Amino acid sequence: MKIAVVGTGYVGLVTGTCFAETGNDVTCVDIDAGKVEKLSNGQITIYEPGLEKLFLRNIKEDRLRFTVNLEEGTKDARIIFLALPTPPGDDGSADLRYILGVAEDLGKTMKDYKVIVDKSTVPVGTAEKVHQALAKYYKGEFDVVSNPEFLREGVAVDDFLKPDRVVVGTSSDKAQKIMQELYNPFVRQGNPILFMDERSAELTKYAANSFLATKITFMNEIAQLCERLGADVDMVRRGIGSDERIGKRFLFPGIGYGGSCFPKDVQALVKSADEVNYNFRILNAVMDVNEKQKLHLLQKIKKYFNNSLKGRHFALWGLAFKPNTDDIREAPALYLIDALLKEGATICAYDPEAMNNVMNMIGAKITYAENQYDALKDADALLIATEWNEFRTPNFLKIVTTLKTRVIFDGRNLFDVNAIKELGFYYESVGRAPAIPSNGNHSK
Ligand SMILES: NC(=O)c1ccc[n+]([C@@H]2O[C@H](COP(=O)([O-])OP(=O)(O)OC[C@H]3O[C@@H](n4cnc5c(N)ncnc54)[C@H](O)[C@@H]3O)[C@@H](O)[C@H]2O)c1
């Protein structure tokens with residue numbers, strides 16, 4: 001099948017590549033000429049495990065192409081996916097200008113029946129708006145389908161190729177058949193393609209992300225209680241997670257959820273609820289708690305250093321909002337950096353994939369290390385903001401010999417509290433008692 005994907009970011013590039021991988025003929029369109037040039041030259045523009053191999057293979061097989069020209073990229077396509085940004089507008093609602101702008105442009109050039117698919121996360125009613133935007137200029141037959149994307153950055157290729165479910169919102173039998181044919185190769189193991197109306201599909205995506213953000217936030221509150229009541233959140237997490245009704249996943253406390261989706265999607269759902277005079281109380285609380293949780297580690301650090309961080313120097317491990325991605329949108333590490341700099345501290349950071357993106361964003365406000373151990377030089381403490389695997393079992397001897405004092409503040413609960421205490425570290429994590437070396441001495 002001939003497919004066009006408009007918007008070649010994290011979702012668009014994975015979508016286009018994976019559809020090409022199942023034999024489709026895919027053209028990806030993006031407004032960013034630099035990006036299109038790189039991609040056309042076989043240079044991948046995001047870090048996503050497993051993607052590059054598929055991307056190169058499909059370019060070589062001539063099933064995957066890139067262009068800046070919307071008309072040229074979409075004219076032969078049977079299906080056009082919109083994988084465009086839907087950032088928060090000034091009032092927190094999803095900004096639909098990219099989606100509706102492209103819909104109008106498509107209307108101006110379309111000449112035959114096509115299925116236009118909203119892959120972006122969009123509020124309820126957007127399929128109708130896209131329909132209207134297109135119909136302003138194109139009077140022929142077409143369908144608009146809502147097909148929200150549930151991939152997780154870091155495991156996006158697997159999620160796309162083997163989805164738990166595919167949600168398709170459409171009231172058109174013709175579009176339903178086309179979408180079924182397209183997705184059949186991805187659900188051969190029996191996971192469902194759930195057909196529903198457009199509005200339910202649109203809401204499903206927001207409900208999923210808001211539920212997950214709520215689950216994380218609930219655990220962050222349990223962690224706060226653990227710290228005050230002398231319980232261990234790891235034990236509580238295991239204790240509740242083995243109940244199948246609760247499940248083991250998304251129970252890890254930390255320094256707040258971030259990323260390009262949860263913060264904006266929770267906010268947009270609250271806004272959608274406001275617009276129909278419904279106060280979504282739980283989600284308002286989730287946003288409030290999450291804002292405070294982002295500063296949880298900072299409060300611990302300040303307390304340890306007697307409220308004075310001026311002139312202190314910190315090593316920071318992890319910048320990406322989560323491991324296995326270079327995405328730093330709404331990353332908790334950035335909030336921590338900002339707050340520490342305001343307090344007069346300096347920072348040397350290391351992240352396996354996200355350093356270039358941070359350099360482009362904040363430049364020389366902090367320094368960057370070649371590897372995780374170089375970051376430790378002359379630091380008063382090590383701070384951990386992302387749970388990359390390579391941080392889980394580090395060479396503690398190197399940490400001891402390089403840090404100025406054996407002090408770690410860990411926003412991701414990477415280490416066993418007792419083991420690290422044995423090594424003579426002062427160690428604070430989230431929802432667990434601090435490790436304080438028995439002789440109280442953690443200087444070198
Ligand atoms: N990133 C995720 O993990 C994820 C997961 C599920 C859903 N989503 C949703 O998918 C959508 C896209 O997210 P993303 O993370 O891929 O965004 P992104 O910012 O990585 O990519 C968007 C791309 O669209 C391009 N673009 C902007 N305007 C354009 C135009 N007029 N014509 C052509 N291209 C244009 C940009 O240059 C960029 O390459 C959002 O609605 C997001 O909420 C994201």
Side-chain angles (χ1 to χ4, degrees), residues 4-18 27-40 44-49 51 66-74 80-89 93-106 108-109 116-123 126-127 130 133 146-160 163-167 201-202 204-210 212-213 257-269 320-331 357:
V5 180
V6 187
T8 314
Y10 285 88
V11 169
L13 188 58
V14 172
T15 301
T17 304
C18 291
T27 303
C28 293
V29 183
D30 205 284
I31 203 169
D32 180 339
K35 192 179 271 192
V36 168
E37 194 186 339
K38 276 189 185 158
L39 291 166
S40 301
I44 199 149
T45 44
I46 54 169
Y47 173 73
E48 187 58 52
L51 183 63
F66 302 90
T67 178
V68 285
N69 187 323
L70 183 70
E71 181 173 4
E72 181 196 304
T74 55
I80 301 173
F81 281 87
L82 306 183
L84 293 155
T86 48
S93 62
D95 183 348
L96 293 180
R97 104 177 66 148
Y98 303 92
I99 301 272
L100 298 180
V102 168
E104 285 194 3
D105 290 345
L106 286 173
K108 290 174 190 164
T109 58
I116 315 299
V117 184
D118 289 338
K119 185 62 110 180
S120 299
T121 303
V122 289
T126 302
V130 168
S146 165
N147 171 219
E149 181 49 57
F150 298 95
L151 65 77
R152 296 161 297 163
E153 285 175 21
V155 280
V157 172
D158 254 19
D159 280 351
F160 200 95
D164 289 340
R165 81 304 205 185
V166 176
V167 170
E202 288 164 342
T204 296
K205 174 65 191 179
Y206 282 104
N209 273 2
S210 298
L212 293 169
Y257 61 76
S260 68
C261 292
F262 287 177
K264 86 170 168 61
D265 293 350
V266 171
Q267 204 183 9
L269 187 54
F321 86 92
K322 67 174 184 178
N324 300 318
T325 181
D326 59 353
D327 197 346
I328 56 162
R329 292 177 283 185
E330 296 286 319
N357 285 341

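Owing to the predicted nature of the structure, the values given are computational and were not obtained by experimental measurement. Atoms within a ligand are numbered from 1 in the order they appear, just like the ligands themselves.
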Could you tell me whether the side chain of Leu96 reaches within less than 4.5 Å of the side chain of Ser120, counting heavy atoms only? no
Hey, is the main chain of [Y] close enough, under 3.5 Å, to the side chain of [X] for a donor-acceptor pair?
X      : Y      : value
Thr86  : Thr121 : yes
Lys205 : Asp265 : no
Glu202 : Ser146 : no
Ser93  : Ala268 : no

Between Phe160 and Lys119, which heavy-atom pair has the shortest distance, and what is it? CE1-CE, 4.2 Å
Near ligand 1, which residues have a heavy atom under 4.0 Å away from one of its atoms?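 If the criterion is a heavy atom under 4.0 Å, then ligand 1 touches Val6, Gly7, Thr8, Gly9, Tyr10, Val11, Asp30, Ile31, Asp32, Lys35, Ala83, Leu84, Pro85, Thr86, Tyr98, Val102, Ser120, Thr121, Glu149, Leu151, Glu153, Lys205, Ser260, Cys261, Lys264, Arg329.
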